[in-house]
There are 2 protein chains.
Amino acid sequence: MTRAGHHASRTAAGSVPTIKHVAARAGVSTATVSRVLSGIDGVRPELRERVHAAVSELAYHPNRVARNLRVRTTRLIGLVISDIQNPFFTSVVRGIEDVLQRADYTLLLGNTDENLEREQVYLSTLRAEGVAGIILAPTGKSSGHYGHLLPIQLPVVAIDRAPAGLSADTVIVNNSAGSCAAVTHLIALGHQRIGCITGPPNLSTAEERKNGYAQALQARQLPLVDCLIRYADFRQSGGYAAMQALLELDEPPSAVFVANNLMTLGALQALHERGLQIPSHVAIVGFDDMSWATSLQPPLTAVAQPTYLLGTTAANLLLARLREPHRPVQQIVLDTKLMVRASCGAQQRFLAL
Amino acid sequence: MTRAGHHASRTAAGSVPTIKHVAARAGVSTATVSRVLSGIDGVRPELRERVHAAVSELAYHPNRVARNLRVRTTRLIGLVISDIQNPFFTSVVRGIEDVLQRADYTLLLGNTDENLEREQVYLSTLRAEGVAGIILAPTGKSSGHYGHLLPIQLPVVAIDRAPAGLSADTVIVNNSAGSCAAVTHLIALGHQRIGCITGPPNLSTAEERKNGYAQALQARQLPLVDCLIRYADFRQSGGYAAMQALLELDEPPSAVFVANNLMTLGALQALHERGLQIPSHVAIVGFDDMSWATSLQPPLTAVAQPTYLLGTTAANLLLARLREPHRPVQQIVLDTKLMVRASCGAQQRFLAL
DNA sequence: ATGAAAGCGCTAACAT
DNA sequence: ATGTTAGCGCTTTCAT
């Protein structure tokens, strides 16, 4: 690193140097160069030295594409998610990236936008690019869409959602327990009429979170009122509209559980626009604990998902399968944590005591 | 797509079929298969037909790694950013991804965490993987860190930040104009003592936003007070601490301009914790218009960056250079837009009239 | 219009 | 301990 070296001295034609150039310059065979660079021992220190010298003189960088072809695998991992703009996923991606990068893998990213066709396109591109494995937040409900990955033995780990019948390593979150805890908390605070804004019925996460809500009510003998349950689209506008609908009810809820981060934002907006106070008029508990939760007034009570952990767990699972292709398939369920702040009314309670 | 076909009929050994298998099955040469699949015409319809039949019978998928080696380029684009968790970047990524995906390129993602060393590692990995081009949000201040990319003719487009002396296509935002507009707005609202929380001095964006603040004050003959300018780290905790420091001043500001999204969140938190009202006690204008801005109470006035456009512009710039390597280097400066909502006090004003 | 064959840059038997 | 060589799967001259 002390001397840069003139690029003029690189190769005859000024083109990018290959292993052959290095071999020639060091006066050894390409096999020896390869051995030295792969850290295989059994090479005389002197030759080793000469190779290293040649490498740095020529500013040689091994061509991974050639290597990938030869060894019939790559250091690439495909990552297919449905919404790169959702903070939930970016935190997951961060976790994945952190462990993969340490293991010298690089991520090939695909954003499907919840579009099944786009997902299929990505999956086949990733396959064509020869990725060593795939981490996927599946859009499809059933395993049918992913069957073609199995014959080629491509390791896949599913995250966030578990398509029915897909026999692949999976890491998900205990959604129903999380929302059940949230709603139970609301009930304990004295609420009897609690609304629920959940996601599209075809997404397992939306379904599970709604189920947790229902469980909580049933456990306390509270009736399940149909009109208090709203299916929106997991986006801000959906949460906004759903909250408006809830508020226009003859008998609006005194508290509402919102099943994801973006919809919570929309719901809040609807409340503010009507000048309604949180939690005195309507108490709120959200799903997903975001960076902005503590900056709201009042701070948002929310079910925190272990997003970063979800990412690292998925990446480690994939790494493990890469090392050991025949290990038994694993499904890991991560726990959520209820972050009690003020939007549910808990703080007021304490003050009142 | 009507019949799945038995995989048993694929190849002799059950391994992944190659172009040779297809050629054999169709009774043509591999060259012809290649021509058909590349859409090169001059192949008799009959042979074309046979090739397609063989392809689907064998469920053949071309191996891009082999192709990449042969044609000495890839359909891969490297993307190196500093913080995948920052909504600013995810929106940019979305824009990039949308245009690249349509052009049949796939993204190789690297998250540097603002770490120069990690950035270097990624850059060399990307180079080794043979990416066709790179989109980079540079962490380094000067072009020195990127010089080695030039000799190999690797097209690079810089986004968000422009390292001094780097002669590469660039797309940035007019930061100083944006923050100047924000602060000017505050002044017009009657504020005389305005604080500024900006980012690390080594980041061009932080510097420019502070400059815009200073310009606005100077234009209206307002003094530049040192203790009102705080350098934080562009993260939530930094904004929180900076706002606290500002509030502890003997003469605290009546308004503050916060130079990025995450720090605004922290600043808001500090205000809430002290029970201070926005905008009556302290008016706030942020930089970056996020999805949560409208859900705050009061809604946040902020300088909106055209993030998605920034992404698509960068991607298109790269695509253009790929097509036309010797086109003149371009620097594109995108405009910001001040989204006036209530946190600056503008709404109150209107009400008071 | 089609095929034969070389070769992209590397690794891994195999031979010495 | 080191070198020779075949070949990964594809594209692309060059012949025919």
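Just so we're on the same page: letters track the sequence lines, and every chain starts at 1.
- Taking the side chain as every heavy atom from C-beta outward, A:T170 and A:I172 approach each other to under 4.5 Å.
- For the 3.5 Å distance criterion, the side chains of A:Y122 and A:N111 fail to qualify, holding no donor opposite an acceptor.
- Along DNA chain C, the nucleotide closest to B:T32 and the one closest to B:V71 are compared, and the more 5′ of them pairs with B:T32.
- Rounded to whole Å, atom P of D:dC10 lies 17 Å from atom CG of A:N63.
- Protein atom CD of A:E46 is 12 Å distant from nucleotide atom C1' of D:dA1, rounded to whole Å.
- Atom CZ in B:R48 sits about 11 Å away from atom C1' in C:dA1, given to the nearest Å.
- Looking only at atom types and distance, the side chain of A:E119 has a donor-acceptor partner in the side chain of A:T139 under 3.5 Å away.
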Evaluate side chain to side chain contact (heavy atoms under 4.5 Å, CB included) for B:V16 paired with B:Y60, printing each intermediate quantity in order. CA-CA 8 Å; B:V16 175; B:Y60 169 69; over 6 Å; no
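- Place B:R44 and B:L69 on DNA chain C by their nearest nucleotides, and B:R44 ends up nearer the 5' end.
- Residue B:L37 contributes atom CG, which lies 12 Å from atom C1' of D:dT11 at whole-angstrom precision.
- Between B:L319 and B:V99 there is a side-chain heavy-atom pair separated by less than 4.5 Å.
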Does the pair B:V171 and B:L317 meet the rule for a side chain to side chain contact (heavy atoms under 4.5 Å, CB included), with working shown? CA-CA 9 Å; B:V171 23; B:L317 219 45; 4.3 Å; yes
Please enumerate all protein N or O atoms sitting under 3.5 Å from an N or O of nucleotides 4-7 of chain C, with distances to 0.1 Å.
from, atom 1, to, atom 2, distance (Å)
C:dG7, N2, B:R70, NH1, 3.3

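- Computed from C1' positions of five pairs at each end, the angle between the two local axes of the helix from C:dA1-D:dT16 to C:dT16-D:dA1 equals 40°, rounded to 10 degrees.
- The heavy-atom pair separating B:Y146 from B:P138 by the smallest distance is OH-CB, 3.4 Å.
- For the pair B:V65 and B:I40, both in contact range of DNA chain D, the more 5′-proximal nearest nucleotide belongs to B:V65.
- We find that CG of A:L47 is positioned 11 Å from P of D:dA1, with the value rounded to whole Å.
- Smallest separation of non-hydrogen atoms from A:P62 and A:L37: CG-CD1, 4.4 Å.
- Between the CZ atom of A:R64 and the C1' atom of C:dC10 there is a distance of 13 Å, given to the nearest Å.
- Distance, B:I19 CD1 to D:dC8 C1': 14 Å, rounded to whole Å.
- Remark: side-chain polar atoms of B:R321 are paired, donor with acceptor, to backbone N or O of B:R327 under 3.5 angstrom.
- A close approach under 4.0 Å does not occur between any side-chain nitrogen or oxygen of B:T18 and OP1 or OP2 of D:dG9.
- What separates CZ of B:R72 from C1' of D:dT11 is a distance of 13 Å, to the nearest Å.
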